[in-house]
Amino acid sequence: MKKWALTCTTSFVLLTSSVQAETPVDTLLQSYQSAGATHFSAEAGKTLWFKSFPGKDGQRSCTTCHGENLTQAGKHATTGKTIQAMAPSVNKKRLMQVKKMNKWFKRNCKWTLGRECTAQEKGDLLSFLRTQ
Amino acid sequence: MKTFHLVSTLALLGGGLLTLSALPLYADDDEHEHHEHEGKRAKHALTMANDPSYVEECAACHFAYQPGLLPARSWQKMLGNLSDHFGENAELEVDKQQQLTTYLMENAGDVKPSGIYYELAGRLNKKATPLRISQLPGFVHEHEDIPARVLKNNPDLSSFSQCQQCHTDAKNGSYEEYKVNIPGYGRWDD
């Protein structure tokens, strides 16, 4: 009986961890670790999300377009186009595709920070965003 | 403007039903509505921008401008410099970039002509390669009567780049004046 329970528990743990590892965010976090990033911090991600960087038209931050409230839609700073909410809790499409996340990290880090984000920064940002 | 409508309505009624079909729907450069092109009658409206990749990659940030709004050479130049796309980074993966360049060039205004493209770019210098639709000679002509105050401090309009804000049927490639509704201003007739 005990052996059966242990097997079940082990299977459950394995199943859970393997399912988790398959989420697109986990796939990316693993790749960032392979690139040398260490412990990811949602707090550091939050700080970076709200941090301002000098741009040619004034200060820029993620919130310039995405807005202060992640559960609400944002607005593109130049074109005025609505940007759907970033928080996965209200927008199920967020953080679901590795390709999309790579694309937007590249474009938006260059716009906001003036350079590509490091593996550590991207890992921190994803750790923050996935909790929203 | 309301006076204009009233006068138009009265004129229509006074003119009798028989003349209705002969009257233009709106007053403007409507004699250019249709154009002969290579022996074929080109349609006025533009073909919709409905390529799924184009919509996903480009319309994520801005209005899905129809490929027929610019000549092929303009699209080629624009897609060749997406890292500085009007001051923003809009880089695409190489295969996607090539796919969209092909789509835009094959459906460009000088490849698949329309009345709208003729109006916008009919007088465009063949050696010029404009990147902004709003700089096409016909665009400037069509919009020059709109006073600056309509755009200035208008929360719904940052520039002439947001076609769909005033042209209510823009997404279908239709830019007729009678479908114009300027946010905070209303209908527009000149």
Side-chain angles (χ1 to χ4, degrees), chain A residues 24 27-28 31 52-68 70 72-86 88 91-118 121-122 125 129, chain B residues 49 52-66 69 78-79 81-100 131-135 150-168 170-171 181-185:
Chain A
T27 306
L28 277 176
S31 75
S52 289
F53 299 87
K56 55 186 168 190
D57 45 7
Q59 292 288 307
R60 292 174 170 184
S61 82
C62 302
T63 60
T64 308
C65 294
H66 291 292
E68 299 275 331
L70 281 84
Q72 290 178 1
K75 192 176 169 185
H76 194 287
T78 311
T79 68
K81 177 116 184 170
T82 299
I83 300 170
Q84 297 305 322
M86 280 303 294
N91 185 352
K92 300 293 175 207
K93 288 182 177 172
R94 289 297 183 207
L95 314 185
M96 292 307 286
Q97 288 184 47
V98 168
K99 234 180 163 177
K100 272 197 171 181
M101 288 187 273
N102 280 332
K103 179 178 81 176
W104 290 113
F105 264 141
K106 189 175 181 184
R107 282 190 194 177
N108 293 348
C109 284
K110 282 188 176 181
W111 186 83
T112 313
L113 286 76
R115 60 169 172 79
E116 287 201 46
C117 290
T118 64
E121 287 168 335
K122 288 189 271 194
L125 282 168
L129 290 173
Chain B
S53 292
Y54 179 67
V55 172
E56 183 180 338
E57 300 298 339
C58 306
C61 291
H62 56 68
F63 173 68
Y65 304 103
Q66 287 84 13
L69 286 166
M78 191 187 300
L79 275 279
N81 188 25
L82 287 175
S83 61
D84 181 10
H85 187 59
F86 304 102
E88 301 206 17
N89 185 290
E91 280 175 279
L92 295 169
E93 288 173 29
V94 176
D95 57 341
K96 193 66 83 177
Q97 185 256 343
Q98 286 171 347
Q99 180 196 338
L100 290 181
L131 296 181
R132 289 184 188 275
I133 297 157
S134 57
Q135 286 174 352
V150 172
L151 280 172
K152 202 180 174 190
N153 299 326
N154 191 329
D156 297 313
L157 290 173
S158 56
S159 73
F160 278 129
S161 66
Q162 297 164 280
C163 309
Q164 79 292 355
Q165 292 295 82
C166 302
H167 292 274
T168 57
K171 70 176 192 314
N181 190 349
I182 304 175
Y185 189 88

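Because the structure is predicted, anything quoted here is derived from the model rather than measured. Lettering of chains follows the sequences in order, A, B, ..., and the numbering in each one begins at 1.
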For this session: Check step by step if side chain to side chain contact (heavy atoms under 4.5 Å, CB included) holds for B:Lys96 and A:Lys99.
Result: CA-CA 12 Å; B:Lys96 193 66 83 177; A:Lys99 234 180 163 177; 5.7 Å; no
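Within the structure, salt bridge (Lys or Arg N to Asp or Glu O under 4.0 Å) contacts touching residues 52-63 of chain B (residues at least two apart or in different chains) are A:Lys103-B:Glu57, A:Arg107-B:Glu57.
Looking at A:Lys81, its side chain never comes within 3.5 Å of a backbone N or O of B:Ala60 through a donor-acceptor pair.
Between B:Gln162 and A:Gly80, the shortest heavy-atom contact is NE2-CA, 3.9 Å. Listed here is the closest heavy atom pair of A:Trp111 and B:Gly87: CD1-O, 4.5 Å.
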